[in-house]
Amino acid sequence: MDLFNNPFAEGRVLLIDKPLEWTSFDAVRKIRNLVKTKKVGHAGTLDPLATGLLIICTGKFTKKINEYMAREKEYTGTITLGAVTPTFDLESEPQLHKDISGLSDESIRKATAIFTGPILQVPPIHSAIKINGKRVYELARKGIEVQMEPRTVTISVFEITSIKMPVVHFRVVCSTGTYIRSLANDFGAALGCGGYLSSLRRTRIGEFRVEDAYTMQSAEEMIGETLRTDD
């Protein structure tokens, strides 16, 4: 194909429903191979154990990545109470198990108020933040102690949608820069029993919704059809 006739090389915004266990880079690499252009990037990382909306930009729309990243995010997921993990999610094994029989549904729902509005949040040490040019998760994996500084984030909605102990289902609407893993860990600490993020799905970024996103299979079909049509 003549690259000058490639609409993806010119620029597109693709909404992808990232599959479980794919990294965000896996998704970008797959799309880059499909659209036959090198200028491809995503607007906001999703961890491998998270699913949901990933905005992938090609061509001139890569200039809008920072703009899209700054928009409000919405997530649904589950927090498992009664234990913690070093990574704040299921990338590592639960430990320090505690009894949760004394917890009531009311106390769990009330604890969300502590985390609503502008809050100070410490990012997890197993994250892609850079300190002195190094990803902190790389330092953490080597056993190097890392001091993470708290940052201000805004959580406009933190609601418990159902409770099936020890699993708590939630919906969160938050500012960019919020770590839902840290929220799960802090929420468990506030309840005195520990907690970790056991599932996560990003459902919205600004006005973009996961309901409008392509699966990887349907994206592959759409891209192939588009390139054949424009050939």
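Here the structure is a predicted model, which means the values were calculated and not measured.
- At least one side-chain heavy atom of S24 sits under 4.5 Å from a side-chain heavy atom of L54.
- Between the side chain of T112 and the backbone N or O of E159 there is no donor-acceptor pair closer than 3.5 Å.
- Comment: R201 engages D17 in a salt bridge, judged by a side-chain N to carboxylate O separation of less than 4.0 angstrom.
- Under the 3.5 Å distance criterion, the side-chain polar atoms of S182 are matched with a main-chain donor or acceptor of V122.
- Counting heavy atoms from C-beta on, the side chains of T85 and E93 never come closer than 4.5 Å.
- Here the OG atom belonging to S104 is positioned 9.0 Å from the CE atom belonging to M165, to the nearest 0.5 angstrom.
- The backbone N or O of L49 lies less than 3.5 Å from no partner atom in the side chain of D47, so there is not a single donor-acceptor pair.
- Aromatic pair F187/F158: ring centres closer than 6.0 Å.
- Between the side chain of K39 and the main chain of K60, no donor-acceptor pair closer than 3.5 Å is present.
- Residue pairs satisfying the salt bridge (charged side-chain N to carboxylate O under 4.0 Å, His left out) criterion with at least one member in residues 205-218, sequence neighbours excluded, are listed as follows: R71-E207.
- Judged purely by atom type and a 3.5 angstrom limit, T51 has no side-chain atom pairing as donor or acceptor with the backbone of L20.
- Nearest heavy-atom pair, I119 versus I155, reported as atom, atom and distance to 0.1 Å: CD1-CD1, 3.7 Å.
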Verdict with reasoning, R204 to V173, per side chain to side chain contact (heavy atoms under 4.5 Å, CB included): CA-CA 9 Å; R204 181 172 63 83; V173 179; 3.7 Å; yes

Step by step, would you call R29 with N33 a side chain to side chain contact (heavy atoms under 4.5 Å, CB included)? CA-CA 6 Å; R29 182 170 49 198; N33 289 337; 4.2 Å; yes

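- Checked by atom type and distance alone, the side chain of R202 never pairs as donor or acceptor with a backbone atom of K73 at under 3.5 Å.
- Counting non-hydrogen atoms of other residues, nucleotides and ligands closer than 6.0 Å to CZ of F208 gives a total above 12.
- With S198 contributing its side chain and T78 its backbone, the two residues share a donor-acceptor pair below 3.5 Å.
- In this structure, the side chains of R109 and I163 come closer than 4.5 Å at one or more pairs of heavy atoms.
- Atom CZ in F8 sits 7.0 Å away from atom OG1 in T58 (nearest 0.5 Å).
- Q121 places a side-chain N or O within donor-acceptor distance of the main-chain N or O of Y179, the cut-off being under 3.5 Å.
- Side-chain contact between I16 and K30: absent, with no pair of heavy atoms (C-beta onward) separated by less than 4.5 Å.
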One pair to check against side chain to side chain contact (heavy atoms under 4.5 Å, CB included): R32 and F25. What are the steps and the verdict? CA-CA 10 Å; R32 182 182 290 127; F25 182 71; 4.2 Å; yes

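- Side-chain contact between V40 and T62: absent, with no pair of heavy atoms (C-beta onward) separated by less than 4.5 Å.
- Summarising the geometry of S199 relative to L197, their closest heavy-atom pair is O-CD1, 3.5 Å, with the distance given to 0.1 Å.
- One finds the OG atom of S218 at 6.5 Å from the CD atom of E221 (value rounded to the nearest 0.5 Å).
- Each of T226, N6, I31, I56 was scored for a side-chain contact (heavy atoms from CB on, under 4.5 Å) with R12, with one residue passing: T226.
- Under the 4.5 Å side-chain contact rule for hydrophobic residues, W22 and L200 do not share a cluster.
- Using a 4.5 Å heavy-atom threshold, the side chains of K64 and V13 count as separate.
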Go through it in stages, so that I can follow the logic: the residues are I180 and F170, the test is side chain to side chain contact (heavy atoms under 4.5 Å, CB included), and I'd like the CA-CA distance, side-chain angles, deciding distance and then a yes or no. CA-CA 11 Å; I180 308 300; F170 67 84; 3.7 Å; yes

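- Under a hydrophobic clustering in which Ile, Leu, Val, Met, Phe, Trp and Tyr are joined whenever their side-chain heavy atoms come within less than 4.5 Å, directly or via other members, V157 and L183 fall into different clusters.
- Within the 4.5 Å cutoff, side-chain heavy atoms of Y196 are placed close to those of T80.
- A salt bridge links R228 to E225: one of the charged nitrogens lies within less than 4.0 Å of a carboxylate oxygen.
- Contact detail for M69 and G44: the closest heavy-atom pair is CG-N, 3.6 Å.
- Side-chain contact check for C193 versus L103: some heavy-atom pair is nearer than 4.5 Å.
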